Structure formats: C-alpha cells, structure tokens
Amino acid sequence: MRVSKFFMPVLRDAPREAEIVSHRLMLRAGMIRQSGAGIYSWLPTGLRVLDNISRIVREEQDRAGAIELLMPTLQSADLWRESGRYDAYGAEMLRITDRHKREMLYGPTNEELITQIFRDGAHSYRDVPRTLYHIQWKFRDEIRPRFGVMRGREFLMKDAYSFDLTPEDAKKSFNRQFVAYLRTFERMGLTAIPMQAETGPIGGDLSYEFIILAKTGESEVFCHRDLLDLKAPENVDYDSDLEPLMAPWLEKYAATEDVHDAARFADEVPQDRQVSARGIEVGQVFLFGTKYSDPMKCQVQGRDGKLVTLHSGSYGIGVSRLVGAIIEASHDERGIVWPASVAPFKVGLVNLKAGDSATDKACESLYEQLDNAGLSVLYDDTGERAGAKFKTMDLIGLPWQVIVGPRGVKAGLVELKNRASGETTEIGIDEVVNRLVATQTG
RNA sequence: CGGGGCAUGGCGCAGUCUGGUAGCGCACCUGGUUUGGGACCAGGGGGUCGCAAGUUCGAAUCUUGCUGCCCCGACCA
C-alpha cells in the first residue's frame with residue numbers, strides 16, 4: 001500500500017477525551033474514530049489489525065477442532081424467554097422493536113441462539129462432541145463504557161460453545177479451548193495467564209479468565225511469577241489427554257480479585273515470587289453443564305435410544321479489546337510497537353527523497369520485491385520531509401522500517417530499522433528483502 | 001445510576017468572569033526557499049461557538065431547559 005493512496009489520518013495531538021495510552025495511540029495512528037460512547041469506526045489501519053487478530057483466533061480454533069459458523073447480531077426476544085434470561089439480563093441488553101412491534105435484541109452473547117441451532121440440528125450421540133464458534137459483533141449497553149475499544153459497548157468477540165454427552169467429555173472440550181487460548185494469545189505476543197475466576201451460582205462450574213498484566217488493567221490480580229515465563233505448548237494433539245499440557249498453569253496460584261484467597265496466596269507462593277498487579281481480561285472459558293440445554297431441551301438420543309441432555313461450555317475472546325490490550329502491553333514513548341503477527345503491515349518503506357529519480361526507482365523496486373515476497377508493506381511515497389515520515393512510522397509501529405535515501409542508494413545501501421529495539425543497520429539494497437523474509441519465519 | 005468535568009473549523013486550545021465585527025497553533029490549499037528525526041516565508045480556504053427557548057439595541061459570553069462526550073465509583077469479553 002502506498003501512503004499516497006491510503007487513508008490513514010494520523011493526528012499529532014490526541015483528542016482530549018482519550019486518556020489511556022492505547023486509546024490515544026489508536027486515535028493518533030488513524031486506526032479508529034469514535035462515533036458514540038463505546039462505539040467506534042474502524043479505519044483501514046485498525047481494521048487490518050482486527051483482521052489479523054481474528055485470523056489467528058480462527059486458525060487456533062480450527063486447529064483445536066472447533067467449527068466456524070456465523071450467527072446474526074439481532075436475535076428475537078422470545079428465544080431469550082426460553083432460557084429465562086430475557087428478564088434476567090437487565091438494562092445491559094439493548095432491546096429493539098421492529099416495524100411489526102416484534103421484540104428484538106442486539107445479542108450480548110449467543111448461548112440461547114447456538115443452543116437452539118444445535119438442538120434443532122443434532123439428534124444423535126453421533127452428532128457430539130461438537131464445538132461451534134463465530135466471530136461476531138456484540139452489544140452490551142454498559143453503564144459506563146471507557147478505555148476506548150477495551151470497554152466498548154459494541155465489540156467484536158469470538159465465542160465458542162461446546163456440546164457433549166457427559167460432564168467428563170465436556171471437560172475435554174473445555175480443555176481443548178483452554179490450550180487453544182494459551183496458543184492464541186502467545187501468537188499475538190502476549191503473556192496471558194489463566195486465572196481462576198468467579199464460578200457463578202452453580203456449584204462445580206469451572207471458569208478461568210485469561211489475563212494479561214498491564215498498568216492500565218481494570219482489575220487486581222494475583223499470581224505466581226513463574227507463570228509469566230511459561231511457553232504455550234506446540235504441535236498439540238487435540239485428541240490426546242490435554243491435562244498434562246495444562247498442568248504447569250494450573251499448579252501455580254493465579255486468581256482474580258473476586259476469588260483471591262490471601263491466605264492461600266501467602267502460603268503457596270514464596271514472597272519473592274508473588275505478583276500482584278493490574279490485569280486486562282482478554283478471554284474467558286466457562287463450563288456450565290446443562291444450564292441452557294436443560295430449559296431449552298437440547299438433547300440427543302444415546303446409543304440406548306434414551307434422550308440425553310447435553311453438557312456445554314462457552315469460551316470467549318475479546319477480539320476488538322485485544323487490539324487495545326496489545327498496545328497497552330507493547331508501546332513506547334514514540335508510539336505503538338506491533339508484534340509482527342498482528343501488525344497492520346510488516347514493513348514500512350520510507351522514501352527519504354520522493355522526486356529524486358534514483359531514490360524513487362530504488363523504492364519502487366523494493367516495494368515490488370517486498371510485495372512479491374508476501375510481506376505486507378506500507379510505502380511512504382509522499383513528499384513529506386524525512387522527519388515527519390520517521391515520526392509517523394514510529395507512531396504506527398510497524399515491526400520493520402526500510403529507509404531509503406539518495407546517499408545510501410548511491411552506495412547500494414539502505415537502512416533497516418527494528419521498531420522494537422530501535423536498532424538500525426545498513427544493509428545492501430539487494431539483501432534487505434531476503435533479510436526480512438528470513439525474519440518472517442523466525 | 002451517584003460524584004466531578006467538558007462542549008468554539010479535522011486535532012489541540014484562547015476568548016466566557018466584565019455582552020459589542022470569532023481568534024491562535026497544528027493540519028489543509030497556492031507560490032517560493034528548503035529537504036536524514038514533525039522546516040521557513042508569503043498568500044489562501046474552512047467554524048449558524050452542542051441544541052432550543054429567553055433577557056438585550058446587540059449573546060460564544062448572561063438565564064432556563066435539553067442533548068452529547070470524558071473522568072472516578074458499583075457492573076462487564
């Protein structure tokens with residue numbers, strides 16, 4: 001993409017309403033614009049990040065055996081009356097009436113709808129286990145939206161729902177999502193720690209929140225420091241017993257403030273390993289048994305011909321929240337520092353002297369080569385001064401900058417700058433593409 | 001929902017107390033000089049001052065009502 005043909009309205013000053021760093025940087029980098037309290041438009045640069053995050057989520061869900069579908073944003077009130085939640089949900093649910101005076105709602109979550117769909121489509125024990133997911137916009141009419149996209153009212157979420165014959169099988173489905181989450185967040189450059197969370201009213205329910213530590217986190221969390229150094233499992237066989245893979249996370253203390261047990265914390269975690277910090281919740285996994293399949297009669301016939309009520313769990317990842325969360329975890333005083341996996345472009349190509357024929361030619365050639373090599377590249381081909389281009393590139397935080405000026409071109413050299421480290425190296429103009437391709441596979 | 005604050009070109013702000021021709025910086029357009037970390041000079045374009053009533057010869061400014069947005073708290077992916 002050429003800057004001269006792109007739409008990326010960057011701001012030198014952040015709008016006054018933005019307080020936290022991720023919100024300020026997203027506005028300044030031209031990723032989003034606010035259209036109402038907790039409601040945002042995603043501009044091209046922001047959308048590219050959102051899509052990258054969705055792609056990673058999707059890949060890991062698919063890998064874990066979950067099956068994608070897409071449910072609507074609008075749902076019927078009657079469906080929610082079946083589960084008893086229409087009245088229970090309260091003001092957080094945005095209720096809408098259509099022209100025929102039918103009561104509708106903008107879905108805050110999809111347990112009811114997926115249960116209805118699965119109930120109607122699955123009839124035999126052969127139809128389970130299944131885990132279905134979609135990535136769709138949700139609306140929760142929060143009392144107070146804040147922190148930009150981290151607590152919007154409208155937000156993009158991946159939500160998965162598992163259906164199993166027995167509680168034991170349901171736990172296996174739960175485990176698959178749990179491991180997929182470890183991998184998903186790690187691929188985004190995040191250290192997300194599963195922490196015990198409020199289990200809700202039904203005893204025996206199981207819930208973990210996946211939390212990343214950040215100064216601007218909304219809740220207080222407590223954990224063992226060793227958890228910060230764990231690496232997500234690779235080459236997972238999702239059909240195998242996953243409990244051993246999960247064990248390193250589950251053996252050490254980690255809890256949100258809701259369920260924090262100060263005595264246990266002090267007892268189980270050595271003083272110098274105790275972490276108490278602020279955390280951002282980026283995902284939650286929840287096993288709730290027959291909470292919805294009971295009232296909604298989500299049943300299949302077992303081998304013996306008898307009806308069996310299915311056991312379920314739901315598993316959410318805040319996709320749009322992750323955009324903000326990643327920035328909270330990865331930025332410096334100059335701007336965003338994108339992990340390569342989610343960056344809107346991998347490489348920023350900076351033409352220091354647009355209009356100089358040798359420099360233009362070198363840039364055009366590099367632009368084409370990078371593109372051919374499959375590296376997304378943002379080429380600043382505008383007539384801006386060098387300083388302004390550097391500032392913008394640092395602000396939007398692409399992992400690599402290739403800086404091309406007349407002096408270097410004459411000597412056959414360009415500069416390769418790593419945004420994260422700030423390190424700049426001179427490199428042959430013929431080598432730079434290969435070097436960048438090599439970093440991709442790393 | 002309780003408490004606090006803000007609303008003036010795209011963004012950041014001044015002007016409001018004390019009513020009198022709507023201003024500054026950035027961004028944008030034109031020309032020129034520049035050109036390796038947000039250049040300079042000159043000339044331009046763009047705002048019914050959140051909305052509605054009221055007071056007044058006259059309202060961004062005073063009064064009343066409304067709306068929107070932000071921050072702190074309780075609640076949430």
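In the text below, chain A, chain B and the rest are named by the order of the sequence lines, each starting its count at 1. Side-chain atoms are counted along with the backbone in the values below, which use heavy atoms only and exclude waters and symmetry mates. Owing to the predicted nature of the structure, the values given are computational and were not obtained by experimental measurement.
Taking the six-membered ring wherever Trp is involved, the centroid distance between the rings of Y161(A) and H134(A) does not fall below 6.0 Å.
Stacking between F390(A) and G38(B) is absent: the ring centroid is not both under 5.5 Å from the six-membered base ring centre and under 30° in plane angle.
R334(A) comes within 4.0 angstrom of a base, heavy atoms only. Residue-level contact check: G316(A) touches neither bases nor backbone, having no heavy atom under 4.0 Å from any strand. T109(A) comes within 4.0 angstrom of nothing in the nucleic acid, heavy atoms only. When heavy atoms are screened at a 4.0 angstrom cut-off, Q284(A) is found touching the sugar-phosphate backbone but no base atom.
Identified under the salt bridge (charged side-chain N to carboxylate O under 4.0 Å, His left out) test for residues 174-184 of chain A, with sequence neighbours left out: E60(A)-R183(A). Counting only residues at least two apart or in different chains, ring pair (Phe, Tyr, Trp, His ring centres under 6.0 Å) contacts with residues 43-86 of chain A comprise W80(A)-Y89(A). Applying the salt bridge (charged side-chain N to carboxylate O under 4.0 Å, His left out) test to pairs two or more places apart or on separate chains, those with a residue in residues 109-120 of chain A are E82(A)-R119(A), R85(A)-E111(A), R85(A)-E112(A).
A14(B) and C24(B) have their P atoms separated by 16 Å, with the value rounded to a whole Å. Rounded to the nearest Å, the gap between the C1' atom of A60(B) and that of C49(B) is 5 Å. Of the P atoms belonging to U67(B) and A52(B), the separation is 15 Å, rounded to the nearest Å. With C1' as the reference atom, G46(B) and C11(B) are 14 Å apart, rounded to whole Å. The P atoms of C51(B) and G43(B) are separated by 33 Å, rounded to the nearest whole Å. One C1' atom belongs to G23(B), the other to C66(B), and the distance between them is 29 Å to the nearest Å. To the nearest whole angstrom, the two C1' atoms, one in G20(B) and one in U56(B), are 12 Å apart. Across the C1' atoms, G44(B) and G9(B) are found 15 Å apart, a figure rounded to whole Å.
Pair assignment for A59(B): none, as no Watson-Crick or G-U wobble contacts are both less than 3.5 Å. Nucleotide G37(B) forms a pair with no other nucleotide shown, judged by Watson-Crick or G-U wobble geometry with both contacts under 3.5 Å. G73(B) is paired with C1(B) under the Watson-Crick or G-U wobble criterion, all donor-acceptor distances under 3.5 Å. In this entry A7(B) has U67(B) as its Watson-Crick or G-U wobble partner, both defining distances falling under 3.5 Å. Pair check for A27(B) finds none; no Watson-Crick or G-U wobble contact set falls under 3.5 Å.
Atom-to-atom, CH2 of W137(A) to P of A77(B) comes out at 17 Å; the value is rounded to the nearest Å. If you take CZ of R85(A) and P of C76(B), they are 13 Å apart, rounded to a whole angstrom. Atoms CE (M26(A)) and P (C11(B)) sit 18 Å apart, rounded to a whole Å. We find that CG of L94(A) is positioned 19 Å from P of C76(B), with the value rounded to whole Å. One can place CE of M157(A) at 8 Å from P of A77(B), the figure rounded to the nearest angstrom. Separating the CZ atom of R28(A) from the P atom of C26(B) is a distance of 16 Å, rounded to the nearest angstrom. One interatomic measurement links the two molecules: CG of D394(A) to C1' of G36(B), which rounds to 13 Å at whole-angstrom precision. One atom, CZ of F7(A), and another, P of C28(B), lie 14 Å apart when rounded to the nearest Å.
E368(A) CD: 12 or fewer foreign heavy atoms inside a 6.0 Å radius. No more than 12 heavy atoms of other residues, nucleotides or ligands sit less than 6.0 Å from atom CZ of R435(A).
Aromatic ring orientation, F288(A) versus F286(A): tilted (interplanar angle from 30° to 60°). Ring-plane geometry between F265(A) and F222(A) is classed as perpendicular, the angle between the planes exceeding 60 degrees on a 0 to 90 degree scale with a lower cut at 30. In this structure, Y106(A) and F139(A) have tilted ring planes: the angle between them lies in the 30° to 60° band. Ring pair F178(A)/F174(A) is tilted by interplanar angle, where 30° to 60° counts as tilted.
Between the OG atom in S330(A) and the CD1 atom in I212(A) there is a gap of 10.0 Å [rounded to 0.5 Å].
With the nearest nucleotide of RNA chain B identified for both R321(A) and A388(A), A388(A) has the one nearer the 5' end. Of the residues near RNA chain B, I317(A) and I403(A), the one whose nearest nucleotide (by heavy atom distance) lies more toward the 5' end is I403(A).
If you check residues 413-421 of chain A against RNA chain B, the residues with a heavy atom closer than 4.0 Å are E415(A), K417(A), listed by number.
Listed candidates were G38(B), G12(B), A77(B). Nearest to the side chain of K391(A) is G38(B).
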Using nucleotides 29-35 of chain B, report all nitrogen or oxygen pairs with the protein that are shorter than 3.5 Å.
| from | atom 1 | to | atom 2 | distance (Å) |
| --- | --- | --- | --- | --- |
| U34(B) | O2 | R385(A) | NH1 | 2.7 |

Just the atom pairs and distances: protein N or O near nucleotides 68-74 of chain B's N or O, under 3.5 Å.
| from | atom 1 | to | atom 2 | distance (Å) |
| --- | --- | --- | --- | --- |
| C69(B) | OP1 | A37(A) | N | 2.8 |
| C69(B) | O3' | Q34(A) | NE2 | 3.2 |
| C70(B) | OP1 | Q34(A) | NE2 | 2.8 |
| C70(B) | O3' | E17(A) | O | 3.3 |
| C72(B) | OP2 | R144(A) | NH1 | 3.3 |
| C72(B) | OP2 | R144(A) | NH2 | 2.7 |
| C72(B) | N4 | R144(A) | NE | 3.3 |
| G73(B) | OP2 | R146(A) | NH1 | 3.4 |

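Under a cutoff of 6.0 Å and an axis angle of 45°, R48(A) and F345(A) form a cation-pi pair.
Considering every non-hydrogen atom in both K158(A) and V319(A), the closest pair reads N-CG2, 3.8 Å.
Using a 4.0 Å cut-off between charged side-chain N and carboxylate O, E68(A) and R58(A) make a salt bridge.
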